[in-house]
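For reference, the structure is listed below as C-alpha cells.
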Number of protein chains: 2
Amino acid sequence: MILSTKGRYGLKAAFELALNYGGGPVSLKTISSKYNISENYLEQLLAKLRKQGYIETVRGVNGGYMLARKPEEITVGMILRALEGEMTPSDCLSGEVCTRESICATRVIFEKIEMGINNVIDNTYLGDMVKQNSKVMQEAAK
Amino acid sequence: MILSTKGRYGLKAAFELALNYGGGPVSLKTISSKYNISENYLEQLLAKLRKQGYIETVRGVNGGYMLARKPEEITVGMILRALEGEMTPSDCLSGEVCTRESICATRVIFEKIEMGINNVIDNTYLGDMVKQNSKVMQEAAK
DNA sequence: TAATAGTTGACAATTTTACTAGGGTATACT
DNA sequence: AGTATACCCTAGTAAAATTGTCAACTATTA
C-alpha cells in the first residue's frame, strides 16, 4: 500500500471541497461524517493543507473549510505531497548518494517508477475529478 | 517514500544475482558487504524470494544464492511484489468496497497511479538492468 | 571433522500511523 | 452580553510497521 490514510483521507476531503467550490465553507463534521473519518484526525490533515495554502477556513458558526484556489488550479500531486511528503520510491532519489556504481542500476528503476507516479498526480486536477464524477453520476442516473 | 528497505535492498540483491547469473552461487556475505546491508536482514528478504521461486540456494562451503530463472524472465515487479506485497496505492483497489459514490472519484486516481507503477515494474526485467548497467559502465570507462 | 554457509524462530529498538483528549479562539445569532 | 458553533493547537498514546539482532540448527565440502 503506497498511500497512507493521510493521503487517502486528505484527497477525499479536498475532492469534497472541490465539489462544493463556490458554495461557501464546508464544516469538518460534514466531511468526516460523510466519509466516515475521525473528526480530530481529519482536522490535522486539513491543517496541513491550510498551512500550505491550498485551503482556507472560516471560523465561528456556519464556518468551515474551502479551497483557496480554483479546483482547476490544484493538482492531486499538490495535495498528496502536502500530506505524505515527497513521493519518491527510494532515498536514492532524494539525497542519499550512490557511491557504488552498481546501485545505480536500481536507481534507474526507481526513477522510472517516480516518473510514472508523478505523471499521473501532477497532471490530474481536482477540477478533473469533479468533471469525472459528474459524468459517472449522470451515467448512474440513467 | 514508497518503497521500504525490503523492496530496495531486495531489488539490489536480485540485481547482483543477475549480474552473476551463470557464474555459480553468490554468498550472502558478498552481497551484504557490497551493498552495506545487514546480513541477517538481507537473509530474510532472500528467503522470501526463494519461497516464491525466484532464487535458489546452495548450502555449505562455496554455497550461496543464485537466480532460479534467467534474468530475462524475472521482472522488477515480481521481485518487488514478493517483498512488499501488492503495489496498490489504496485499499480501495485491493478489497475495500466503495459504498459512497463520491469516493469513486478518488478511486480513479488511485487506479491511474497503480497503472503507472505497474507499467514500469512489469516491463522491466533484471536482464534489462544488467544491460543498462554494462552500458553505463562502458561510458564511465571512456 | 572442522569450517563454511544457509535456515529458522524469537525478540527488540525505533519510527510511523492513526488516532484521542482537551483547552483555546473566533464568529454569529439571539 | 451570552452562548453555541466551529476552527486551532498541542500533547499523548496504542498499535503496527519497519528494521533490524541473536542464537541455535542443519547441510555441505575440504
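Convention: sequence-line order gives letters A, B, ...; per-chain numbering from 1. We use all heavy atoms of the structure for the numbers below, so side chains are in, but hydrogens, waters and symmetry mates are not.
In this entry the distance linking CG of A:Leu42 with P of D:dC8 reads 12 Å, nearest Å. When rounded to the nearest whole Å, the span between OH of A:Tyr35 and C1' of C:dA18 equals 20 Å. Separating the CG atom of A:Leu3 from the P atom of C:dT17 is a distance of 11 Å, rounded to the nearest angstrom. The NZ-P distance, from B:Lys29 to C:dA3, rounds to 13 Å in whole Å. Regarding A:Arg50, its CZ atom lies at a distance of 12 Å from the C1' atom of C:dT25, rounded to whole Å. Counting to the nearest Å, the C1' atom of D:dC7 and the CG atom of A:Leu17 are 14 Å from each other. Between the CD1 atom of A:Ile55 and the P atom of D:dC7 there is a distance of 10 Å, given to the nearest Å.
Under the rule for a side chain to side chain donor-acceptor pair (under 3.5 Å), the partners of A:Thr5 that lie at least two apart in sequence or sit in another chain are A:Tyr41. Annotation: side chain to side chain donor-acceptor pair (under 3.5 Å) contacts of B:Asn40 (sequence neighbours excluded): none. In this view, A:Lys29 and A:Ser27, A:Glu39 satisfy the side-chain contact (heavy atoms from CB on, under 4.5 Å) rule, not counting sequence neighbours.
Nucleic acid contact for A:Leu46: none, since no nucleic acid atom lies under 4.0 Å from a heavy atom of the residue. Heavy atoms of A:Lys6 sit under 4.0 angstrom from primed sugar atoms or phosphate atoms, though from no base atom.
Judged as a salt bridge (charged side-chain N to carboxylate O under 4.0 Å, His left out), not a single pair has a partner in residues 40-65 of chain A (not counting sequence neighbours).
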Expected string for nucleotides 20-30 of chain D under the B/S/- scheme (protein heavy atoms, under 4.0 Å, primed atoms plus P, OP1, OP2 as sugar-phosphate) is BBB---BBBB-
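The shortest distance between the side-chain N/O atoms of B:Arg8 and the OP1/OP2 oxygens of D:dT19 is not below 4.0 Å. A sub-4.0 Å separation between OP1 or OP2 of D:dC8 and a side-chain N or O of A:Thr57 is present. Within the structure, every side-chain polar atom (N or O) of A:Ser4 is placed at least 4.0 Å from both OP1 and OP2 of C:dT16.
Other cluster members for B:Met66: B:Val58, joined by side-chain heavy-atom distances under 4.5 Å among Ile, Leu, Val, Met, Phe, Trp and Tyr.
Between B:Arg107 and B:Glu111, at least one side-chain N (NZ, or NE/NH1/NH2) sits under 4.0 Å from a carboxylate O, which counts as a salt bridge.
For A:Tyr125, the OH atom is loosely surrounded, since the number of other residues' heavy atoms within 6.0 Å does not exceed 12.
Each of A:Ile37 and B:Tyr65 was matched to the nucleotide of DNA chain C holding its nearest heavy atom; the match closer to the 5' end belongs to B:Tyr65. When each of A:Lys51 and A:Gly63 is assigned the nucleotide of DNA chain D with its nearest heavy atom, A:Gly63 is the one assigned upstream, toward the 5' end.
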